[in-house]
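Step one of this worksheet: look at the structure below.
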Amino acid sequence: MGFDNPYTNAPPIGRNPLHGILPRKATAEQVIRAMESDVNPFNKQPHKPQYKRLLERRKELPVFGQMSEFLKMFTQNQIVVVVGETGSGKTTQIPQLVCYSDLPHTKGQIVACTQPRRVAAMSVAERVANEMDVSLGKEVGYSIRFEDMNEPGATFLKYMTDHTLLREAMNDPDLKQYSTIILDEAHERTLATDLLMAFLKDLAQRRSDLKLVVMSATLDAHKFQKYLSIAGPSKPAPLFKIHGRTHPVEVFYTQEPEPDYIEAAIRTVLMIHRAEGPGDILLFLTGEEEIEDACRRIKFEADDLANQDPQSIGPLVCIPLYSSLPPQQQQRIFDPAPPSRAPSGPPGRKVVVSTNIAETSLTIDGIVYVVDPGLSQVKVYNPRIRFESLLVSPISKASAQQRAGRAGRTRPGKCFRLYMQKDFETELEEQTHPEILRTNLANAVLELAKLGVKDLIHFDYVDAPAPESLMRALELLNYLAALDDEGNLTPLGAMMADFPLDSQMAKMLIVSPEFNCSDEILTIVAMLSVPSVWRRLPNQQKEADVAKALLTIPDGDHLTLLNVYNSYISNKHDRNWCWNNYLGARALQEAENVRAQLQRTMERYDIELVTTQDERKLWQSIRKALVCGFFMQVAHKEGEKGGYLTVKDNQVVSLHPSCGLDSSPEWVIFNEFILTTKPYIRTVTEVRPEWLLEFAPNYFDLSTFPAGETKRALQSVLKKRTLKAVDGTGTGSVSTRSNKHDAEPKKKPKKQRSRAQRSGGG
DNA sequence: GAGCACTGC
């Protein structure tokens, strides 16, 4: 060429710094030259002074030295697997390199990078916008629920949560606007990442112009390579390895099994405090109660030690950490360790006692010692009884390594495992079971159906879920009429999939205008979608219960939730009102956001927001609408002692003590089954058996019903109903159509449109 | 008569 001297860094002013780069054939020399240009290649503005400073820091990242290798591999392959430990810079740098190679901005396309968590998507996008010297929300943006920080036409690099991309795919199955999709943190195997990976593997075979990068921590990279071998069964996807940059962590095991892991954990923390050099401690336990209790005991013992020997034992603060703590309290983990008591005295130390949240979601700098009892509480799904529960289980090797790594972020550290090396090697599973194997699959199956997957059983999953779990999901969706008998998505199912809700709730919301209570059902599903609004602090339980009783509607907990939300609104979202009534303001605010989002989806489908004036009629309509979604979660009273049996599955359950019903009605519908000291049902509302027969006739088809007390009770209801119908004394309350007429609909002023069209004149 | 690890739409 003779015009371009490859050895000068800056191109002439006015020249595009990307000049000479062929899309997807960029070389490291070209990219580095563009990065070092004085002009920003993406917006043609001169670089701000901080850009060069940041660039110098980026050059120290391991991935920078391997740029040439990565670009070659990216150029030559449609799919690449990247592994790199924390600190390798893969999350911030790889997407930028892909942009320099893809040049998405020249084609009106976007490079996407998914994250399992919202905060990560936001904070990484901000970081990368800084590094690229562009504005956040313009050239580099992010998409998470409730927040779309992008500018159509301008954004060419987008960080987003995995579930957000999955939603986009549901409405644009070719994901046409994306040139390359990067799945980050794939080793976490969230449900959304798993579904996306399977979907994108298939899409990549339909769209040869789409590139896919799957990024993971080192451990299961081979599995992804093999899974993504679309070039042929003997051609695994190529692997690009980035060297990590963490400090070594020395691992210690116990010589004997520890009979009491909490006691052993506390002993170990105190041993470190007494005998080890400065540095903070991170202790992993399983749950809130255990953590609070351990904090009290550690504090007590540490104070005792310090009193005995103030010359050599420094002060110690113990900080609990779990997700239900308010953010302000979570921030305490970043407080510095306490100062020593005397100028020359032993230094203070900070102990963070945490759930798994400190394993991935939150990173605490300054941790040098990790104490790992090897346990965590995990969600397990039992397809036989169709419910999820939490179980304390041994962690996986991968998880143990992740925990140990937390000690090596700032300098070499130590990890004390409270189990024997032999058990680590022989008893622990390699990987934590991916979420798809541990969860109720109803939503996932509906999402896959909406993505266009026809055969949900033989679909090419990364790890195929248990057939029984799949069958349970298909069965539920079929009863809800989201899938037909052949397993095809129905128009109703397609609509349900667009609501960010569990399928039962989506169904209930969609049919609620038929009962003239969609305004209220919308509120109830929003309240059921957020964490519990009830605050019940350990030393104020009586007061909290009194406050709750004042808001309780005895006909059902669902109605109580409605009442709480309406009271919150009529009290103008007042935080003090929330506080005085022992309610969580954050959860109520979240419910309001969710409600608004769902309302927008309803508007898209012309689902009206209607209500009924007469409160008694309204409450009854709401209870009927509940049946349309939750008919598979019904319990029937058995015996005199307030015991219940779940319908069909025959699980013995009790009403949860938080339940607000003033009696124990014969038939109830429940939102949640929880297994703690014994099996409970929570958030419970009374229903009438005739509604079950009427609104869920397929599920309550008595000819296929298991024999027992429930069946006999339903049979007698059916018999009475038939008799009434024959002699003409029926009240009409069992007819679907009648309830449309017996309540005068009160429409919201703004929403005067299509109800008549939809229900054929109603 | 008692509390749910952690994400996400």
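Letters A, B, ... mirror the listed sequences (proteins, then strands); counts begin at 1.
Between A:K450 and A:D498, at least one side-chain nitrogen of the basic residue sits less than 4.0 Å from a carboxylate oxygen of the acidic one, meeting the salt-bridge criterion.
The number of heavy-atom neighbours closer than 6.0 Å to CD of A:E258, taken from other residues, nucleotides and ligands shown, is above 12.
OP1 or OP2 of B:dC9 has at least one side-chain nitrogen or oxygen of A:T164 nearer than 4.0 Å. OP1 or OP2 of B:dC9 lies within a sub-4.0 Å distance of a side-chain N or O belonging to A:R118. Here A:S658 does not reach the OP1 or OP2 of B:dA2: none of its side-chain N or O atoms lies under 4.0 Å away. Residue A:S323 places at least one side-chain N or O closer than 4.0 Å to OP1 or OP2 of B:dC6.
Residue A:S532 is classed as having no contact, given no heavy-atom separation below 4.0 Å to the nucleic acid. Among the protein residues, A:F146 comes within range of no part of the nucleic acid, since none of its heavy atoms lies under 4.0 Å from any strand. Counting non-hydrogen atoms under 4.0 angstrom, A:N593 reaches nothing in the nucleic acid. Counting non-hydrogen atoms under 4.0 angstrom, A:I144 reaches the backbone sugars and phosphates but no base. Base engagement by A:R682 is indicated by at least one non-hydrogen atom pair under 4.0 Å involving a base atom.
Nearer the 5' end of DNA chain B, as judged by each residue's closest nucleotide, is the contact made by A:N356, out of A:Q597 and A:N356.
Considering only the side chain of A:R536, B:dA2 comes nearest among B:dA2, B:dC6, B:dC9. Considering only side-chain atoms of A:Y680, the nucleotide from B:dC6, B:dA5, B:dA2 that sits closest is B:dA2. Comparing atom distances between the A:H656 side chain and each of B:dA2, B:dT7, B:dC6 picks out B:dA2 as nearest. Of the candidate nucleotides B:dA5, B:dT7, B:dC9, B:dC9 has the atom nearest to the side chain of A:R145. Residue A:T161 has its side chain nearest to B:dG8 when only B:dG1, B:dG8, B:dT7 are considered.
For A:Y142 and A:Y159, the gap between ring centers reaches or exceeds 6.0 Å.
Side-chain N/O atoms of A:D372 and A:Y419 include a donor and acceptor closer than 3.5 Å. Side-chain atoms of A:D184 and A:Q115 include a donor-acceptor pair closer than 3.5 Å.
Atom P of nucleotide B:dA5 and atom CG of A:L675 are separated by 14 Å, given to the nearest angstrom. When the C1' atom of B:dG8 is taken as reference, atom CG of A:L441 falls 15 Å away, rounded to whole Å. Between A:R117 atom CZ and B:dG8 atom P there is a gap of 7 Å when expressed in whole angstrom units. Regarding A:L528, its CG atom lies at a distance of 20 Å from the P atom of B:dG8, rounded to whole Å. Atom CG in A:N440 sits about 20 Å away from atom P in B:dC6, given to the nearest Å.
A:F424 carries A:R417 over the face of its six-membered ring, with the cationic atom under 6.0 Å from the centre and within 45° of the normal. Judged by the 6.0 Å distance and 45° axis criteria, A:R403 is positioned over the aromatic ring of A:F284.
Residues satisfying the side chain to side chain contact (heavy atoms under 4.5 Å, CB included) criterion with A:D148, sequence neighbours excluded, are A:S143, A:N150.
DNA chain B is contacted by A:Q377, A:K379, A:L390 of residues 375-396 of chain A, taking any non-hydrogen atom closer than 4.0 Å.
With hydrogens and angles ignored, a donor-acceptor pair closer than 3.5 Å exists between the side chain of A:Q541 and the base of B:dG3.
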